[in-house]
Amino acid sequence: VKDDLRKAVLQVLERREVIDYLIVETSGAADPRPVAASLNSLCRLDLVVALVDASHGVEALLTPLAQAQVAAADLVLLTKTDL
């Protein structure tokens with residue numbers, strides 16, 4: 001996945017248009033630390049955002065992956081707070 005992501009980012013960066021920001025969404029299934037590390041050599045990383053499904057309560061944070069995502073995040077957003 002990291003190699004595919006690096007290739008995709010390189011393709012975007014090679015365009016003629018000026019790219020102000022590039023947002024990468026990992027579908028909740030990735031530890032952001034290796035993803036961020038693989039992108040650091042290509043561009044400046046401004047922010048890591050983690051989404052936490054509030055409708056699952058504290059169980060949303062019980063897996064090691066969820067904990068790693070929140071620990072690596074600069075900003076944590078709670079989703080589904082209206083449910």
CG (L83) and CG (D53) are apart, to the nearest 0.5 Å, by 8.0 Å

Test: R6 and D4 ion pair at under 4.0 Å:
no

Mark yes or no for whether S38, through its side chain, and V35, through its backbone, hold a donor-acceptor pair below 3.5 Å.
yes

Test side chain to side chain contact (heavy atoms under 4.5 Å, CB included) applied to V52 and L77, step by step:
CA-CA 6 Å; V52 176; L77 297 176; over 6 Å; no

V70 side chain near L61 side chain, heavy-atom distance below 4.5 Å:
yes

With side chains defined as the heavy atoms from C-beta onward, is the minimum distance between D31 and Q69 less than 4.5 Å?
no

Spacing of D74 atom CG and L47 atom CG [to the nearest 0.5 Å]:
5.0 Å

Should L39 and V24 count as side-chain neighbours, where that means a heavy-atom distance under 4.5 Å?
yes

Starting from the C-alpha separation in whole Å, work towards a yes-or-no answer on salt bridge (charged side-chain N to carboxylate O under 4.0 Å, His left out) for D82 and K80.
CA-CA 5 Å; D82 57 332; K80 301 180 186 174; over 6 Å; no

Between atom CG of L42 and atom CG of L10, what is the distance when rounded to the nearest 0.5 Å?
5.0 Å

Under a 4.5 Å side-chain heavy-atom rule over Ile, Leu, Val, Met, Phe, Trp and Tyr, are L45 and L13 clustered together?
no

When every non-hydrogen atom of V49 is compared with those of A73, the smallest separation belongs to C-CB, 4.4 Å

Would you compute the distance between atom OG1 of T79 and atom CG of L51 and round it to the nearest 0.5 angstrom?
6.0 Å

